[in-house]
Amino acid sequence: MQFPLKTQLVGSLDEFRRPRSLVLAGLLSAAAVVMDRLLTIPVSPVLEIGFAFLATALCAYLCGPWVAGTAGIAVDILSYFLRPNGAFFFGFTLNQFLLGFIYGLWLYKRRPNPWLALGACLTVMVLINFLLTPLWLNIMYGKAFVIFSTAKIIKNILKLPIDVALLYGALRMAQRAGQRPAGA
């Protein structure tokens with residue numbers, strides 16, 4: 001008996017062999033870098049509001065968790081060189097990999113619906129935004145974990161409905177554009 005998650009993870013490795021997936025990943029990575037550069041609003045030195053996640057989530061939806069995670073690494077490194085914000089820290093590169101990977105687990109080969117978008121955004125919010133990012137900032141700057149967590153919690157709770165709506169809209173547009181069969 002095959003488990004759906006195992007099948008999805010193993011099957012998504014085949015996307016690395018498809019030129020279409022690699023081209024899409026490259027284009028969406030470039031879009032994520034541009035969105036990070038132009039559409040990120042700095043609130044404080046350690047708090048930003050951005051929408052580059054949409055390009056990463058679309059990459060995950062179209063190309064799977066492994067390709068999107070790998071593209072996330074490229075996005076982080078390119079974004080850092082184009083817009084350095086403090087010292088380079090590998091933890092944030094891991095965050096970008098996990099961002100693409102998590103969206104891929106939720107969205108790859110699935111028909112878009114608001115509940116999947118909500119689940120994906122909530123998973124990212126809890127794991128990356130509430131746990132890992134404050135941990136990395138604490139390691140980097142030596143400040144209290146709670147200070148970073150409080151600011152992140154408020155920002156993420158306020159931004160969650162917007163992120164879910166934008167993600168669901170982007171997934172529906174990709175589906176309508178014929179990038180994913182109606183049943184997937």
Side-chain angles (χ1 to χ4, degrees), residues 2-40 48-83 88 90 92-125 127-129 132 159-160 162-184:
Q2 288 278 352
F3 293 100
L5 182 60
K6 181 179 178 185
T7 303
Q8 184 183 27
L9 288 174
V10 173
S12 68
L13 285 170
D14 288 338
E15 294 291 340
F16 281 111
R17 295 184 189 149
R18 295 187 176 106
R20 175 188 174 273
S21 294
L22 299 178
V23 169
L24 275 171
L27 290 171
L28 289 167
S29 294
V33 169
V34 169
M35 291 171 82
D36 179 63
R37 180 90 169 120
L38 299 177
L39 298 178
T40 298
E48 297 176 332
I49 296 174
F51 299 98
F53 80 93
L54 288 171
T56 302
L58 279 174
C59 182
Y61 171 68
L62 298 170
C63 305
W66 295 110
V67 172
T70 305
I73 293 170
V75 167
D76 182 67
I77 293 169
L78 288 171
S79 293
Y80 175 77
F81 284 115
L82 291 174
R83 189 178 66 91
F88 181 81
F90 182 73
F92 295 117
T93 307
L94 175 64
N95 280 7
Q96 282 298 113
F97 173 82
L98 289 173
L99 182 72
F101 194 81
I102 290 167
Y103 279 124
L105 291 177
W106 277 96
L107 304 172
Y108 182 60
K109 293 200 176 191
R110 295 206 171 123
R111 182 180 211 145
N113 71 59
W115 296 110
L116 282 177
L118 176 64
C121 289
L122 274 173
T123 304
V124 166
M125 185 174 74
L127 181 64
I128 295 175
N129 298 343
L132 291 177
K159 194 172 170 264
L160 179 66
I162 297 166
D163 287 354
V164 170
L166 288 172
L167 176 58
Y168 178 63
L171 294 173
R172 291 287 294 157
M173 286 188 341
Q175 183 186 37
R176 283 189 208 132
Q179 293 300 317
R180 178 69 64 210

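FYI, the numbering just counts along the sequence from 1.
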Asker: Hey, could you give me the CG/CG distance between Leu94 and Leu132, rounded to the nearest 0.5 Å?
Answerer: 6.5 Å

Asker: Could you measure the distance from the CE atom of Met125 to the CD1 atom of Ile102? Nearest 0.5 Å is fine.
Answerer: 12.0 Å

Asker: Nearest 0.5 Å please: distance from the CG atom of Leu22 over to the CG atom of Leu27.
Answerer: 11.0 Å

Asker: Partners of Asp76 by salt bridge (charged side-chain N to carboxylate O under 4.0 Å, His left out), sequence neighbours excluded?
Answerer: none

Asker: Grab the two heavy atoms, one from Glu15 and one from Leu62, that are nearest each other, plus how far apart they are.
Answerer: OE1-O, 4.3 Å

Asker: Sub-3.5 Å donor-acceptor pair from the side chain of Arg20 to the main-chain atoms of Cys63, do we have one?
Answerer: no

Asker: Shortest non-hydrogen contact from Gly64 to Ser12?
Answerer: CA-CB, 4.2 Å

Asker: Mind checking the CG-CG spacing from Leu58 to Leu167? Nearest 0.5 Å is all I need.
Answerer: 7.5 Å

Asker: Can you name the closest pair of heavy atoms from Phe16 and Thr70 and give their distance?
Answerer: CZ-OG1, 3.5 Å

Asker: Please verify the inter-ring angle class for Phe97 with Phe101; under 30° counts as parallel, over 60° as perpendicular, anything in between as tilted.
Answerer: parallel

Asker: Given 3.5 Å as the limit, does a donor-acceptor pair link the side chain of Lys159 with the main chain of Gly50, or not?
Answerer: yes

Asker: Quick one: SG on Cys121 to CG on Asn129, what's the gap to the nearest 0.5 Å?
Answerer: 9.5 Å

Asker: Looking only at heavy atoms, which two atoms of Ala52 and Ala32 are closest? And how far apart?
Answerer: CB-O, 3.4 Å

Asker: Go through Val124 and Phe53 one step at a time and tell me if the side-chain contact (heavy atoms from CB on, under 4.5 Å) criterion holds.
Answerer: CA-CA 10 Å; Val124 166; Phe53 80 93; over 6 Å; no

Asker: If you apply the rule side-chain contact (heavy atoms from CB on, under 4.5 Å), what do you find for Leu99 with Val75, and how did you get there?
Answerer: CA-CA 11 Å; Leu99 182 72; Val75 167; over 6 Å; no

Asker: Among Phe92, Phe88, Phe90, exactly one meets ring pair (Phe, Tyr, Trp, His ring centres under 6.0 Å) together with Tyr80. Which residue is that?
Answerer: Phe88

Asker: Roughly how far, to the nearest 0.5 Å, is CG of Asp163 from CZ of Phe51?
Answerer: 6.5 Å

Asker: Kindly give the heavy-atom pair with the smallest separation between Ser21 and Val67, and that separation in Å.
Answerer: O-CG1, 4.4 Å

